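Right, one structure below, let's go through it.
Since we're looking at a predicted model, the values are computed, not measured. Proteins come first, then strands; the chains are lettered A, B, ... in the order of their sequence lines, and each starts at number 1.
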2 protein chains.
Amino acid sequence: MARPPRFDTGQLLDAAVRLAADGGPAAVTMAAVAQAVGAPSGSVYHRFAGRTALLAEVWLRTTEHFQEGCTAALGSDPDPVRAACATARYVVAWSRAHPEEAAVLLYGARDFGRAEWSAEHTARAESGNTRLFAAVAALAEALGATDDPARERLTLALVDLPMSLVRRHVRGGRPLPPYAEDLTEQCTAALLRDMHAV
Amino acid sequence: MARPPRFDTGQLLDAAVRLAADGGPAAVTMAAVAQAVGAPSGSVYHRFAGRTALLAEVWLRTTEHFQEGCTAALGSDPDPVRAACATARYVVAWSRAHPEEAAVLLYGARDFGRAEWSAEHTARAESGNTRLFAAVAALAEALGATDDPARERLTLALVDLPMSLVRRHVRGGRPLPPYAEDLTEQCTAALLRDMHAV
DNA sequence: CCTGTATTAGAGGCCTCTCTCTAAAACAGT
DNA sequence: ACTGTTTTAGAGAGAGGCCTCTAATACAGG
């Protein structure tokens with residue numbers, strides 16, 4: 001009933017992610033994406049309302065992809081310490097498997113123009129965040145982390161520390177070393193072990 | 001013997017840092033900097049060879065400012081564990097005192113156009129890095145961190161973990177909580193304490 | 001006061017990017 | 001074959017940013 005598409009949304013987003021990974025969000029221009037897949041600029045505008053929408057989709061698809069497995073890992077084990085370690089491992093393993101998307105994740109939503117997003121895109125971002133926060137909060141309660149510093153320490157151990165390890169290597173353009181997952185898990189365990197002692 | 005300057009280099013860099021802090025490196029345009037201080041664009045070009053040079057100076061002045069106190073903190077105490085904790089505290093305290101520069105530091109040199117820097121700027125960046133690496137390496141040896149994973153764990157404890165804490169708040173636009181320094185020091189201590197146990 | 005120099009002042013060219021608009025193309029169903 | 005719909009295809013306007021260039025300006029020293 002209609003002409004078949006030569007360039008679909010996923011293909012364009014893939015190209016945009018690649019551009020963002022090795023050039024930062026500023027390198028994601030409509031012209032660059034079009035050229036990367038060999039399409040005229042009109043085809044990109046047919047899929048996305050504008051550059052703002054494209055950047056929002058790049059960010060949202062990547063974070064949602066990441067958060068999907070992350071929330072799963074957070075609830076993967078009845079023992080909260082083991083669940084935390086599994087989550088930390090997941091962050092590193094996911095980044096190893098998806099280095100370009102990991103490079104996107106090292107930026108923030110603001111770098112992808114969050115201030116100008118549509119209400120729909122903003123809502124999607126908040127929805128994903130609240131779901132992840134809920135899973136972290138549940139784990140925090142299971143670990144007895146009741147006050148703000150303790151909750152923040154948990155977040156550091158779960159997400160920020162693994163991401164830092166990833167950042168150090170991805171930003172340098174090198175692949176993650178083989179011991180990355182083990183190192184991350186040890187650090188996370190160390191941060192959780194001493195939490196009750198203080 | 002000459003007309004006195006109305007806009008000096010430091011003033012222009014201050015404006016550029018402010019723009020970068022709340023708009024990312026992309027917001028640092030020659031026109032924006034000129035407008036921010038009320039100067040014509042020609043005055044900006046009189047101080048900087050071009051946008052590439054301006055971005056490089058923004059990054060280098062900020063990192064050098066940060067590294068100055070950082071290397072001092074690394075050698076501030078003969079006991080390596082105490083020196084490490086002092087360094088971690090310094091990272092947070094410096095960010096609290098200089099929130100705009102801290103926001104710049106959360107990006108990377110690549111985001112400030114490192115690929116197009118002059119040889120001179122690149123050399124300055126490497127010089128600062130090697131000095132800092134040397135101080136970290138000395139501390140690593142004092143702590144018995146000989147292999148790659150142990151050295152990386154030390155770097156995480158010293159710099160990356162404090163920076164993560166800063167990132168979480170600065171990126172959200174909020175000030176650092178009062179307990180930030182204490183929390184950071186506890187986390188750093190926990191990571192170092194268990195290092196020998198593994 | 002006169003001269004030399006560093007700086008301001010801003011107009012204007014060039015380039016890139018965003019976005020719009022029109023026309024053509026390719027296919028499914030009748 | 002015809003129709004309707006989606007998509008490609010690409011030209012072109014408008015805006016903004018980088019950079020250059022020339023003229024004017026303000027001061028120090030003789």
Among all residues two or more places apart in sequence or in another chain, which pass the ring pair (Phe, Tyr, Trp, His ring centres under 6.0 Å) test with A:His46? none
Going by the rule side-chain hydrogen bond (donor to acceptor under 3.5 Å, both in side chains), which residues pair with A:Thr63 if we only count those two or more places apart in sequence or in a different chain? none
Those residues of residues 43-59 of chain B lying under 4.0 Å from DNA chain D by at least one heavy atom: B:Tyr45, B:Gly50, B:Arg51
Taking ring pair (Phe, Tyr, Trp, His ring centres under 6.0 Å) as the test, write out the residues that go with B:His169, two or more places apart. none
If the condition is side-chain hydrogen bond (donor to acceptor under 3.5 Å, both in side chains), which residues does B:Arg131 pass it with, not counting sequence neighbours? B:Ser127
Taking side-chain hydrogen bond (donor to acceptor under 3.5 Å, both in side chains) as the definition, give me every residue that meets it alongside A:Gln67, ordered by chain and number, with sequence neighbours left out. A:Asn129
Going by the rule ring pair (Phe, Tyr, Trp, His ring centres under 6.0 Å), which residues pair with B:His121 if we only count those two or more places apart in sequence or in a different chain? none
Not counting sequence neighbours, which residues clear salt bridge (Lys or Arg N to Asp or Glu O under 4.0 Å) with B:Glu152? List them please. none
Side-chain contact check for A:Pro40: nearest option of D:dA9, D:dT7, D:dC19 is D:dA9
Could you work out, with side-chain hydrogen bond (donor to acceptor under 3.5 Å, both in side chains) as the rule, every residue matching A:Tyr90, not counting sequence neighbours? none
Supply the atom-to-atom distance B:Phe133 CZ to B:Thr71 OG1, rounded to the nearest 0.5 angstrom. 13.0 Å
Nucleotides 22-27 of chain D: which of its N/O atoms have a protein N/O under 3.5 Å away?
residue : atom : partner : partner atom : Å
D:dT25  : O2   : B:Arg3  : NH1          : 2.8

Would you mind listing the cluster partners of B:Leu161? Hydrophobic ones only (ILVMFWY), side-chain contacts under 4.5 Å, chaining allowed. A:Leu156, A:Leu161, A:Leu165, A:Tyr179, A:Leu183, A:Leu191, B:Leu156, B:Leu165, B:Tyr179, B:Leu183, B:Leu191
Where along residues 8-36 of chain B does a heavy atom come under 4.0 Å from DNA chain C, residue by residue in number order? none
